[in-house]
Amino acid sequence: MPQSSLYSLVKGLYLYGGVGTGKTMLMDLFFEQLPSNWRKKRIHFHDFMLNVHSWLRGNFHHTPSPRGKKKHKGVADPLEVVASKISDESILLCLDEFMVIDVADALTLNRLFRHLFSNGVILVATSNRAPDNLYEGGLQRDLFLPFIETLKAEQGFYFIGKDISSLLKDQFQQLIGENKPYPQEVEVVMGRTLKVPLGANGCAYFPFEELCDRPLGAVDYFGLFSKQAERGSP
């Protein structure tokens with residue numbers, strides 16, 4: 001994670017990784033913890049872009065400008081008006097499944113988000129693709145590349161991808177303190193047991209595959225967390 005200054009403000013977060021790795025869950029947990037009186041919005045990326053195009057087509061009246069260009073209510077760039085509408089409603093924008101496949105979206109994003117960021121909007125997004133791979137192979141992608149640079153450089157976004165496992169292990173170590181983790185086996189329900197790869201101080205660490213790619217059910221998860229809570233989970 002780039003840290004140009006200890007006092008730098010985090011202006012946004014872009015979470016990317018494979019399917020089923022918990023990106024949406026993390027974003028939703030973050031969103032739900034914020035005060036209800038915040039100007040915040042959580043929406044799927046494609047629904048968000050449909051709203052943007054709808055506002056561009058139907059919610060503004062075209063009037064000819066003296067130079068022959070169309071304006072929206074006296075503004076040369078209609079996306080500036082759309083961005084103002086969005087930022088008036090939400091200063092925090094959470095977009096799930098950021099995936100650019102439509103050329104109209106690709107050609108709109110950079111201008112739209114430059115206006116949003118200048119209005120102080122904070123973006124939190126999830127995606128299956130790294131920023132450099134967005135709209136890969138798309139039509140007129142060269143016109144889309146400035147948007148990637150906006151995300152990566154101008155706005156100081158933080159990217160979490162394949163290295164997330166090391167981050168989680170660090171967090172696990174902080175939770176268990178000086179306790180030494182070791183493999184455990186816990187009874188979850190009706191005599192069934194579940195192997196915990198590493199556990200200590202009421203905390204358990206699982207690789208994704210161990211916990212989510214096995215034939216486990218809700219009762220197993222409830223049983224596991226009940227046992228860990230009994231052992232002193234923080």
Side-chain angles (χ1 to χ4, degrees), residues 1-35 40 42 44-45 92 94-99 122-134 151-152 156-234:
M1 293 183 179
Q3 296 182 357
S4 57
S5 168
L6 292 176
Y7 303 102
S8 297
L9 293 177
V10 176
K11 299 180 181 179
L13 181 65
Y14 182 101
L15 293 168
Y16 71 93
V19 175
T21 53
K23 303 181 297 296
T24 297
M25 181 191 71
L26 289 173
M27 185 179 73
D28 287 344
L29 286 172
F30 165 71
F31 185 85
E32 292 165 5
Q33 291 301 311
L34 296 174
K40 59 179 183 175
R42 190 265 194 224
H44 191 279
F45 172 73
L92 171 69
C94 292
L95 297 181
D96 192 27
E97 297 191 14
F98 204 111
M99 182 73 171
I122 299 168
L123 172 67
V124 175
T126 70
S127 179
N128 294 337
R129 295 198 173 211
D132 286 328
N133 296 334
L134 285 171
L151 285 178
K152 292 176 59 179
F157 274 64
Y158 289 72
F159 304 111
I160 301 178
K162 294 180 180 179
D163 295 333
I164 186 66
S165 59
S166 61
L167 177 64
L168 292 177
K169 286 181 180 178
D170 289 342
Q171 293 297 316
F172 174 67
Q173 192 62 49
Q174 290 182 27
L175 288 172
I176 65 175
E178 297 181 357
N179 295 280
K180 185 176 181 180
Y182 60 93
Q184 301 178 13
E185 188 169 345
V186 298
E187 182 177 344
V188 288
V189 64
M190 295 182 291
R192 290 182 59 183
T193 60
L194 184 63
K195 292 183 178 180
V196 179
L198 289 175
N201 195 32
C203 301
Y205 178 86
F206 285 86
F208 176 81
E209 294 77 12
E210 287 285 328
L211 200 58
C212 301
D213 278 355
R214 297 177 59 195
L216 302 175
V219 291
D220 297 301
Y221 300 125
F222 280 123
L224 170 64
F225 293 121
S226 296
K227 292 297 182 182
Q228 294 304 106
E230 291 173 3
R231 298 181 183 191
S233 178

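Every value quoted in this text rests on a predicted model; they were computed, and no experiment measured them.
- Side-chain N or O atoms of Gln184 include one that pairs as donor or acceptor with a backbone N or O of Gly199 at under 3.5 Å.
- Scanning all heavy atoms of the two residues, the minimum distance from Lys180 to Ala200 falls at O-CB, 3.9 Å.
- Between the CG atom in Asp96 and the CZ atom in Phe45 there is a gap of 11.5 Å [rounded to 0.5 Å].
- Rounding to the nearest 0.5 angstrom, the gap separating the CD atom in Glu97 from the OG atom in Ser127 is 9.0 Å.
- The two residues Leu175 and Asn201 make their nearest non-hydrogen contact at O-ND2, 3.1 Å.
- Nearest heavy-atom pair across Pro197 and Glu210 is CG-CG, 4.4 Å.
- Here the straight-line distance linking atom CG of Leu224 with atom CD of Glu187 works out to 12.5 Å at 0.5 Å rounding.
- For the residue pair Leu34 and Lys40, the shortest heavy atom distance occurs at O-NZ, 3.2 Å.
- With values rounded to the nearest 0.5 angstrom, Leu15 atom CG is found 11.5 Å from Asn128 atom CG.
- A 4.5 Å side-chain heavy-atom check between Tyr221 and Leu211 finds at least one atom pair inside the cut-off.
- Considering every non-hydrogen atom in both Ile122 and Gly12, the closest pair reads CG2-CA, 4.2 Å.
- Asp28 places no side-chain N or O within donor-acceptor distance of the main-chain N or O of Met25, the cut-off being under 3.5 Å.
- Scanning both residues, Phe206 and Leu194, for their nearest heavy atoms gives CZ-CD2, 4.5 Å.
- One distance of note links CG of Leu198 with CD1 of Ile176; it measures 8.0 Å at 0.5 Å rounding.
- By the 4.5 Å heavy-atom criterion applied to side chains, Tyr182 and Val196 are not counted as neighbours.
- The cationic atom of Lys23 (NZ for Lys, CZ for Arg) does not lie both less than 6.0 Å from the six-membered ring centre of Tyr16 and within 45° of the ring axis.
- Residues Thr193 and Glu185 have side chains that bring a donor and an acceptor to within less than 3.5 angstrom of each other.
- Atom SG of Cys203 and atom CD of Gln173 lie 10.5 Å apart (nearest 0.5 Å).
- In this structure the side chain of Arg42 never reaches within 4.5 angstrom of the side chain of Glu32, judged on heavy atoms.
- The shortest distance between side-chain heavy atoms of Thr126 and Leu95 does not fall below 4.5 Å.
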